[in-house]
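Scroll down for the structure; my scribbles are underneath it.
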Amino acid sequence: MPPSPSRKPFAVRRSDIHGRGVFATDVISRGERIVEYTGRRSTWDEAMARPDSDPDDAAHTFLFELDDGRVIDARIRGNSARWINHSCTPNCSTFEEDGRVYIKARRRIFPGEELSYDYKLLVEGPLTRKEKAAYACRCGTAKCRGSLLDPAHKNGKLNGK
């Protein structure tokens, strides 16, 4: 069920995880579609040709890959969804429907809780220690794996493949 167009069940504010975050302002039910991830759609090459969102941190991006290989770049015409932080034990998940990306609640979320989903980032090729450190996780949960990277993806290849 989509959120009410008149009142969003969340607000953006300072996060203890990283920079800005998105926090529930109302109870959000399990399975509820919270927000669409919006922004400019383009190819990876076009997105990578644009300046970094943070010149001091090239790993900090607002890119979301679609099933068809294009990306949504939330730096351009993006909305509040771009501020949802990563967690290794997230309370939200993402799904694609008709080429659009949505964030939904994995469980009941209470007012004041920060919304999060597992980024499971993919990076091509081997990473140096410095590059791996750029993708360090800051979620602080008991089951933190220490990285924003997809645990099934190692050095440009999927595990077991």
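None of the values given here were measured: they were computed from a predicted structure.
R70 pairs by the salt bridge (charged side-chain N to carboxylate O under 4.0 Å, His left out) definition with D68, not counting sequence neighbours. With sequence neighbours left out, E65 forms a salt bridge (charged side-chain N to carboxylate O under 4.0 Å, His left out) with no residue at all. Under the rule for a salt bridge (charged side-chain N to carboxylate O under 4.0 Å, His left out), the partners of R145 that lie at least two apart in sequence or sit in another chain are D118. Evaluation of the ring pair (Phe, Tyr, Trp, His ring centres under 6.0 Å) rule for F23 yields no partner, not counting sequence neighbours. By the salt bridge (charged side-chain N to carboxylate O under 4.0 Å, His left out) test, R107 is found to be paired with E113, residues two or more places apart in sequence or in another chain being considered.
F62 and W83 have perpendicular rings, their planes meeting at more than 60° on a 0 to 90° scale where under 30° would count as parallel.
Listed here is the closest heavy atom pair of S147 and C137: N-CB, 3.4 Å. Nearest heavy atom pair, residue T141 against residue C88, reads OG1-CB, 4.1 Å. Heavy-atom minimum distance, H86 versus C139: O-CB, 3.9 Å. Nearest heavy-atom pair, F10 versus T25, reported as atom, atom and distance to 0.1 Å: N-OG1, 3.2 Å. The shortest heavy-atom contact between N91 and S116 is OD1-N, 2.9 Å. Minimum interatomic distance between S80 and V22 (heavy atoms only, all atoms of both residues): O-CG2, 3.4 Å.
Residues R33 and E97 are paired through a salt bridge, judged by an N-O separation under 4.0 Å between the basic side chain and the carboxylate.
Using a 4.5 Å heavy-atom cutoff, the side chains of T38 and R77 are not in contact. Contact check for L63 versus W44: side-chain heavy atoms found under the 4.5 Å cut-off. Residues I28 and L115 form a side-chain contact, since some pair of their non-hydrogen atoms from C-beta on lies under 4.5 Å apart. Using a 4.5 Å heavy-atom threshold, the side chains of I84 and I34 count as separate.
Grouping the Ile, Leu, Val, Met, Phe, Trp and Tyr side chains by contacts below 4.5 angstrom, directly or via other members, places Y102 apart from Y37. Y117 and L66 fall within the same hydrophobic cluster, where Ile, Leu, Val, Met, Phe, Trp and Tyr residues are linked whenever their side-chain heavy atoms come under 4.5 Å apart, directly or through other members.
Remark: the backbone N or O of I76 is not paired with any side-chain donor or acceptor of R40 at under 3.5 angstrom. Side-chain atoms of R82 do not come within 3.5 Å of backbone N or O of G39 as any donor-acceptor pair.
Cluster note: I17 groups with no other residue, as no ILVMFWY side-chain heavy atom lies under 4.5 Å from it.
The distance from the CZ atom of R108 to the CD atom of E32 is 11.0 Å, given to the nearest 0.5 Å. In this structure, CZ in F95 is found 9.0 Å from CD1 in I103, a value given to the nearest 0.5 Å.
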